[in-house]
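Okay, so here's the structure we're looking at.
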Amino acid sequence: MIVTLHSVKLFFSAGFGAGYWPWGPGTMGSLLAVILWALYAYSIESYAVVQLLTMLLTVLFTALSIPAVSVAEEEWGHDSPRVVVDEIVGMWVALCAVPASREWWYPFAALVLFRLFDIYKPLGCRWIDRNIPGAWGVMLDDILAGVYAALVLAVVN
C-alpha cells in the first residue's frame with residue numbers, strides 16, 4: 001500500500017478512521033475528541049496549560065482541515081458523514097469551557113451539548129452550513145456549535 005498526501009488528507013478528514021464508524025460517525029468523531037482531550041487534560045496538572053494546548057490543537061486542526069476537507073469533498077461529496085474532523089475541532093471548542101476542576105461530568109455535558117447544537121444547527125449554524133461553500137462551511141458550522149456548547153457550560157459553571 002502506497003501512502004500518498006491524498007490518502008493522508010482523507011484519513012485526517014475522517015478523524016483518523018472515526019468517520020468510518022457505521023452508526024453515528026459524527027458522534028464517534030466527537031467522542032474521539034473527548035478521549036484525546038482527556039488523555040492530556042487529566043495528566044497535566046496546570047489548567048492553564050490544558051487550556052492553551054486545547055486552543056493550539058483547535059487552531060492547528062482547523063488550519064490542517066481546510067485543505068484536507070477540500071480533498072475529502074472531491075472524493076466523497078460535500079459534507080460527507082465520513083468527514084468528522086469538523087466534529088473534533090468543534091468539540092475542542094466546547095471543551096475550552098470545562099472548568100479547572102475538570103470533574104468528569106463537564107466533558108460529558110460538553111459532548112451532549114455539542115452534539116445537540118451540531119445536529120439541530122440553531123442560531124446561524126444552519127445558515128453557515130447552507131451558505132458558506134466548501135471546507136470553510138463544513139468547519140465553521142461545527143466551530144459555532146462548539147461555541148454555543150461552551151457558552152452553555154460557562155453559564156452552568
Side-chain angles (χ1 to χ4, degrees), residues 3-41 49-98 106-156:
V3 177
T4 65
L5 183 57
H6 182 81
S7 63
V8 169
K9 287 180 180 181
L10 291 176
F11 186 66
F12 182 77
S13 295
F16 312 107
Y20 290 101
W21 182 255
W23 308 285
T27 300
M28 186 55 66
S30 300
L31 187 58
L32 174 63
V34 173
I35 291 167
L36 293 172
W37 177 86
L39 286 174
Y40 66 83
V49 172
V50 170
Q51 291 295 86
L52 180 62
L53 186 55
T54 303
M55 289 179 217
L56 288 173
L57 284 170
T58 301
V59 171
L60 176 66
F61 267 59
T62 300
L64 293 173
S65 294
I66 300 306
V69 171
S70 295
V71 166
E73 285 197 326
E74 292 171 10
E75 188 84 19
W76 300 325
H78 179 67
D79 208 4
S80 167
R82 288 184 200 158
V83 175
V84 297
V85 70
D86 52 334
E87 274 83 9
I88 293 170
V89 168
M91 192 64 235
W92 283 338
V93 170
L95 289 167
C96 284
V98 171
Y106 278 105
F108 178 74
L111 175 67
V112 171
L113 288 167
F114 171 72
R115 290 306 297 147
L116 287 172
F117 287 124
D118 185 33
I119 291 166
Y120 292 108
K121 300 194 182 312
L123 305 170
C125 293
R126 187 170 312 283
W127 185 91
I128 290 170
D129 187 50
R130 292 182 178 167
N131 294 292
I132 298 181
W136 279 107
V138 171
M139 296 301 298
L140 287 175
D141 76 304
D142 287 73
I143 290 170
L144 185 56
V147 168
Y148 290 149
L151 288 173
V152 171
L153 277 180
V155 167
V156 167

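Only heavy atoms go into these numbers, but all of them, side chains included; no hydrogens, no water, no symmetry mates. Numbers for residues simply follow the sequence, beginning at 1.
One distance of note links CD1 of Ile119 with SG of Cys125; it measures 12.0 Å at 0.5 Å rounding. Atom OH of Tyr40 sits about 5.0 Å away from atom CG of Leu57, to the nearest 0.5 Å. Taken to the nearest 0.5 Å, the CZ atom of Arg126 stands 12.5 Å off from the CG atom of Leu144. To the nearest 0.5 Å, the span separating CG on Leu64 from CZ on Phe12 amounts to 4.5 Å.
Closest non-hydrogen pair, Ala94 versus Leu153, comes out as O-CD1, 3.8 Å. Heavy atoms only, all atoms of each residue included: Asp79 and Glu73 are closest at N-OE2, 3.5 Å. Closest of all the heavy-atom pairs between Ile66 and Ala135 is O-CB, 3.4 Å. A pairwise comparison of heavy atoms in Gly146 and Val93 identifies C-CG1, 3.5 Å as the closest pair. Nearest heavy-atom pair across Ser13 and Ala68 is OG-O, 2.9 Å. Taking both residues in full, the closest heavy atoms of Met91 and Ser30 are given as CG-O, 3.5 Å, listed atom of the first, atom of the second, then distance.
Side-chain contact between Lys121 and Ile128 is absent, with no heavy atoms from C-beta onward closer than 4.5 Å. A 4.5 Å side-chain heavy-atom check between Leu95 and Leu111 finds every atom pair outside the cut-off. Counting heavy atoms from C-beta outward, Val50 and Trp37 have side chains that approach closer than 4.5 Å. Put simply, the side chain of Val84 does not reach to within 4.5 Å of the side chain of Trp21, judged on heavy atoms. Counting heavy atoms from C-beta on, the side chains of Asp142 and Val89 never come closer than 4.5 Å.
Atom OH of Tyr120 is surrounded by 12 or fewer heavy atoms from other residues, nucleotides or ligands within 6.0 Å. Tyr20 OH: more than 12 foreign heavy atoms inside a 6.0 Å radius. Within 6.0 Å of the CH2 atom in Trp136, the count of heavy atoms belonging to other residues, nucleotides or ligands does not exceed 12.
Judged purely by atom type and a 3.5 angstrom limit, Ser80 has no side-chain atom pairing as donor or acceptor with the backbone of Gly77. The main-chain N or O of Leu123 is found under 3.5 Å from a side-chain atom of Tyr148 such that the two form a donor-acceptor pair. A donor-acceptor pair under 3.5 Å is absent between the side-chain atoms of Ser7 and the main chain of Val3, judged by distance alone. In this structure, Asp118 contributes its side chain and Phe114 its backbone to no donor-acceptor pair below 3.5 Å.
Legend: residues meeting side-chain contact (heavy atoms from CB on, under 4.5 Å) with Val71, ordered by chain and number and at least two apart, are His6, Lys9, Leu10.
Residue pairs meeting the salt bridge (Lys or Arg N to Asp or Glu O under 4.0 Å) criterion with at least one member in residues 84-93, sequence neighbours excluded: Glu87-Arg115.
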Exercise. Determine, stepwise, if the pair Asp141 / Arg130 fulfils side chain to side chain contact (heavy atoms under 4.5 Å, CB included).
Key: CA-CA 9 Å; Asp141 76 304; Arg130 292 182 178 167; over 6 Å; no
